[in-house]
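Worksheet: one structure, shown below.
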Amino acid sequence: MTNESQAFLRFHHVKKTYDRRSLVVRDFTLDVRRGEFVTLLGPSGSGKTTVLMMLAGFEHVTSGEISIDGESVTRTAPYERNIGMVFQNYALFPHMTVNENLAYPLKVRKLPKSEIRQRVAQYLKLVELEDFGDRHPGQLSGGQRQRVALARALIFEPALVLLDEPLCALDKKLREQMQFEITRLHKTLGCTMVYVTHDQAEALTMSDRIAVFNHGVVQQFATPDALYERPANAFVAGFIGENNLIRGTGIANDSDVVTVSLDNATTLRATPGDFRSGQGPCLVSVRPEKLAIATPLARPSPTDNVLSARFVTQHYVGDFIRYYFELADGTRLIVKTMNDAKAPSLAEGQLTDLFWSVHHCFAFHPQSTHAVQGETP
Ligand code: ADP
Ligand code: MG
């Protein structure tokens, strides 16, 4: 019996060392729901591929437990796990046609010939390669090859599909098209997908939830909008989207607002991120689009933070404008506003008030790499 409220895929305190000295994966715990599209996002070398390899059974788990559908697979052979896989460099069999490549996982599973034929046709159609069945992989473009690899990972209808940077080698346009294709297939087939990327835009557009990695530790596991709007720590805030960081010292903490003093004796008020003590060095973080430039038409409310900054320069980016400012101590601030009639024109060196809401501003520990598990949506 499967229990829908229970995690479909569970990592429980998984650790991994390759050299018996340093832990590549320090302490990985994650629950994935049935049918979910979950992305592991992190910088290169943060242990994402290692986690997928342990899940697939190609690497031993040093300690901890991995279970699928309530059953431990930690000591199960890869072929017994019945997982579909697409890797960045997962070569198709070059001597086989597309049809033969797709038929292969079904032959191994000893499906009847008629069913194999029918399924190959069905999955070729699903990835829009109906007319390419007789070609060899060498006669396909990179995008077409990756679609065949995707179809081959899905054709035996595994409940769990792993994708490790599958779009890495494709150019931007093709990558975006394939992102759309993969999420469409995920919705059509209803399987659970674990996707790995170092590309935050890709993670944000494709995923139900994202686990942000650093040094093999999950920094936050949450929905794309929660990661962006309520980052758990300075690492997540910096890794997902752009943000301004202002160094300060926490001086008071009352009713969910931290008061932060800057060197020039200005004070700011911030929502506590992982800086809950309210005392000592901290970083105040605010996104460029949440900052506003004070003008006669746009004034701060009495509860807003206000900071005086010197205008440096501005860049037109078509639909919006990026303004660059500097504080007295040299801290750079970026303000992003819509390119419309209200966009102010400033003179170089002009002292200007910038303002923003306490709700859009977080206080973080200066260096936070400790594990934080996000709320579920
Ligand atoms: P990511 O996929 O996030 O880039 P990896 O899981 O590939 O990270 O690698 C994490 C760390 O483990 C890196 O420091 C890498 O050099 C090391 N590593 C990966 N695979 C092996 C291996 N087979 N043997 C030894 N070290 C490895
Ligand atoms: Mg990798």
Side-chain angles (χ1 to χ4, degrees), residues 9-30 32 37-66 73-75 77-78 81 83-91 142 145-146 149-150 153 160-171 175 178-179 182 192-207 209-222 224 227 231-240 367-374:
L9 166 63
R10 171 166 282 175
F11 292 88
H12 192 67
H13 297 296
V14 171
K15 296 186 172 74
K16 175 68 179 178
T17 176
Y18 286 105
D19 58 7
R20 298 191 186 182
R21 288 206 302 271
S22 60
L23 286 172
V24 166
V25 176
R26 270 200 263 159
D27 186 1
F28 186 64
T29 293
L30 197 74
V32 176
F37 192 115
V38 163
T39 295
L40 312 181
L41 173 69
S44 177
S46 58
K48 306 181 297 294
T49 295
T50 300
V51 165
L52 275 202
M53 290 311 228
M54 289 191 288
L55 174 53
F58 296 127
E59 281 294 348
H60 288 292
V61 172
T62 304
S63 73
E65 197 74 23
I66 301 174
V73 296
T74 314
R75 274 159 291 276
R81 303 187 188 194
I83 294 173
M85 275 174 284
V86 187
F87 293 120
Q88 182 194 339
N89 301 311
Y90 196 25
R145 271 202 293 269
Q146 215 42 313
L150 193 59
L160 181 59
V161 179
L162 313 184
L163 305 102
D164 192 355
E165 313 230 13
L167 311 182
C168 214
L170 307 180
D171 65 39
R175 210 161 60 223
M178 285 296 294
Q179 289 168 4
I182 292 171
T192 306
M193 283 191 174
V194 181
Y195 192 91
V196 160
T197 184
H198 64 271
D199 179 340
Q200 48 127 340
E202 189 163 292
L204 289 174
T205 51
M206 296 179 79
S207 319
R209 284 194 291 171
I210 301 169
V212 180
F213 262 58
N214 194 25
H215 301 307
V217 179
V218 176
Q219 303 292 312
Q220 190 172 5
F221 183 40
L227 284 180
N233 59 40
F235 178 82
V236 177
F239 199 71
I240 308 272
Q367 265 130 21
S368 30
T369 50
H370 55 276
V372 182
Q373 290 283 318

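If you read the sequence from its start, that first residue is 1, and numbering goes on from there. Both counts, for ligands and for their atoms, begin at 1 and track the order of listing.
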Atoms in ligand 1 with a heavy atom of [X] nearer than 4.0 Å:
X	result
T50	5 (P), 6 (O), 9 (O)
P43	3 (O)
S46	1 (P), 3 (O), 8 (O)

Find out whether [X] and [Y] are in side-chain contact, i.e. whether some heavy atom of one side chain is under 4.5 Å from a heavy atom of the other.
X	Y	answer
V194	L160	yes
Y18	V24	yes
F213	Q220	no

Does the side chain of [X] come under 3.5 Å of the side chain of [Y] through a donor N or O and an acceptor N or O?
X	Y	answer
Q219	N233	yes
D164	T49	yes
Y195	E165	no

*When rounded to the nearest 0.5 angstrom, what distance separates CG in L163 from CD1 in I182?*
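So the gap between those two atoms works out to 5.5 Å.
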_Show, in sequence, the C-alpha distance, side-chain angles and deciding distance for V196 and T39, and conclude whether the side-chain contact (heavy atoms from CB on, under 4.5 Å) test is met._
CA-CA 6 Å; V196 160; T39 295; over 6 Å; no
_Proximity flag G42 to ligand 1, non-hydrogen atoms under 4.0 Å_ =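 No heavy atom of G42 comes that close to ligand 1.
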Suppose we measure from [atom] to each protein heavy atom; which comes out shortest, and what is that distance?
atom	answer
atom 7 (O) of ligand 1	T49 CB, 3.7 Å
atom 8 (O) of ligand 1	G47 N, 3.1 Å
atom 18 (N) of ligand 1	Y18 CE1, 3.4 Å
atom 14 (O) of ligand 1	G45 O, 4.3 Å

*Quick check: does any side chain N or O of Q146 sit under 3.5 Å from a backbone N or O of P166, one acting as donor and the other as acceptor?*
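At least one qualifying donor-acceptor pair exists.
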_Side-chain (K15) to main-chain (V61) donor-acceptor, under 3.5 angstrom_ =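 Checking the backbone N and O of V61 against the side chain of K15, no donor-acceptor pair under 3.5 Å is found.
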*Return the set of protein N, O or S atoms whose distance to the Mg ion (ligand 2) is under 2.8 Å, each given as residue and atom.*
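Near the Mg ion (ligand 2), the protein supplies T49 OG1.
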*What do we get for V24 next to ligand 1 when only non-hydrogen atoms under 4.0 Å count, side chain, backbone, both or neither?*
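Under 4.0 Å from ligand 1, V24 contributes side-chain atoms alone.
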*asked:* Restricting to salt bridge (Lys or Arg N to Asp or Glu O under 4.0 Å), what partner residues turn up for E59, sequence neighbours left out?
replied: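 E59 satisfies salt bridge (Lys or Arg N to Asp or Glu O under 4.0 Å) with K16 only.
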*Can you check whether a protein heavy atom sits less than 4.0 angstrom from atom 26 (N) of ligand 1?*
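It does: a protein heavy atom is found less than 4.0 Å away from atom 26 (N) of ligand 1.
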